[in-house]
Amino acid sequence: MEIGTVVGLGLIATTLALIVKKERPEIAVLLSLTAGVVVFLLLMDKIAAVVEVFTGLGERAGLNSLYLGIIFKIIGISYLAEFGAQICRDAGEGAIAQKIELAAKILVIILAIPILMAVLETLLKLLPE
């Protein structure tokens, strides 16, 4: 899958959304959502390859798989929240978009706690007693 496919799909969806938006704005939002999901599905094999590479690198580096899993979850939350917030903004719901972004930030902080604790414990071990 090449970037041309993504750009082409985006341009087609945008053109259709602009045509439909005046008469049926709810359909325009659905077109935007559908285009985003299709792009994501087209990229699934690329995403899987990236996850596989990082998982292999993490294993070779001796990283605890728990931490790598947390990092993948944080990345997923970030991308998903951005996607949802942009759809809300496309629909004219900026306030809801901000709530999605706030929720994502809170979830990221919560997920990051084990990693932060491990870093702090390592730092404490390095300090002289």
Check your understanding: Can you name the closest pair of heavy atoms from Ala28 and Ala17 and give their distance?
Key -> CB-O, 3.7 Å
Check your understanding: In terms of hydrophobic clustering (I, L, V, M, F, W, Y; side-chain heavy atoms under 4.5 Å; direct or indirect links), are Ile3 and Phe83 co-clustered?
Key -> yes
Exercise for review: Mind checking the CG-CD1 spacing from Leu116 to Ile70? Nearest 0.5 Å is all I need.
Suggested key: 9.5 Å
Practice item. Search all heavy atoms of Tyr67 against all heavy atoms of Ala118 and return the closest pair with its distance. Key: OH-CB, 3.2 Å
Check your understanding: Taking a hydrophobic cluster as the set of Ile, Leu, Val, Met, Phe, Trp and Tyr residues connected by side-chain heavy atoms closer than 4.5 Å, whether directly or through intermediates, do Ile74 and Leu57 fall within one such cluster?
Key -> no
Check your understanding: Out of Ile19, Ile12, Leu18, which one pairs with Thr15 under the side chain to side chain contact (heavy atoms under 4.5 Å, CB included) rule?
Key -> Ile19
Revision key, fill the gap. Value for CG (Leu68) from CG (Leu63), rounded to nearest 0.5 Å, stands at 6.5 Å
Revision key, fill the gap. Here the gap from Ile47 atom CD1 to Tyr79 atom OH, rounded to the nearest 0.5 Å, amounts to 8.5 Å
Check your understanding: With side chains defined as the heavy atoms from C-beta onward, is the minimum distance between Lys105 and Val108 less than 4.5 Å?
Key -> no
Review point. If you round to the nearest 0.5 Å, how far is CG of Asp90 from OG of Ser32?
Key: 4.0 Å
Review point. Taking atom CD of Glu26 as the centre, does the number of heavy atoms from other residues, nucleotides or ligands within less than 6.0 Å exceed 12?
Key: yes
Practice item. Identify whether Ile100 and Leu107 are in the same connected component of the hydrophobic contact network (ILVMFWY, side-chain heavy atoms under 4.5 Å). Key: no
Review point. Can you tell me how far CD of Glu82 sits from CD1 of Ile87, rounded to the nearest 0.5 angstrom?
Key: 10.5 Å
Point to revise | Check: Val50 and Lys46 side chains under 4.5 Å, non-hydrogen atoms | key: no
Point to revise | Arg89 bridged to Glu101 by N-O distance under 4.0 Å | key: yes
Point to revise | Phe54 vs Phe72, side-chain contact (heavy atoms from CB on, under 4.5 Å): CA-CA, chis, key distance, verdict | key: CA-CA 10 Å; Phe54 280 112; Phe72 286 140; 3.7 Å; yes
Practice item. Group every Ile, Leu, Val, Met, Phe, Trp and Tyr by side-chain heavy-atom contacts under 4.5 Å, then state whether Ile77 and Leu80 land in the same group. Key: no
Point to revise | Test item: Ile115 and Ile71 side chains (from C-beta on) under 4.5 Å apart, heavy atoms | key: yes
Practice item. Write down the atom of Leu9, the atom of Ala35, and the distance for their closest heavy-atom approach. Key: CD2-O, 4.0 Å
Practice item. For the pair Met117 and Ile113, evaluate side-chain contact (heavy atoms from CB on, under 4.5 Å) and give the outcome as yes or no after the intermediate values. Key: CA-CA 6 Å; Met117 294 299 293; Ile113 288 172; 4.0 Å; yes
Exercise for review: Determine, using the 4.5 Å side-chain heavy-atom cutoff (strictly less than), whether Ile106 and Ile109 are members of one ILVMFWY cluster.
Suggested key: no
Practice item. Mind checking the NZ-OG1 spacing from Lys21 to Thr14? Nearest 0.5 Å is all I need. Key: 9.5 Å
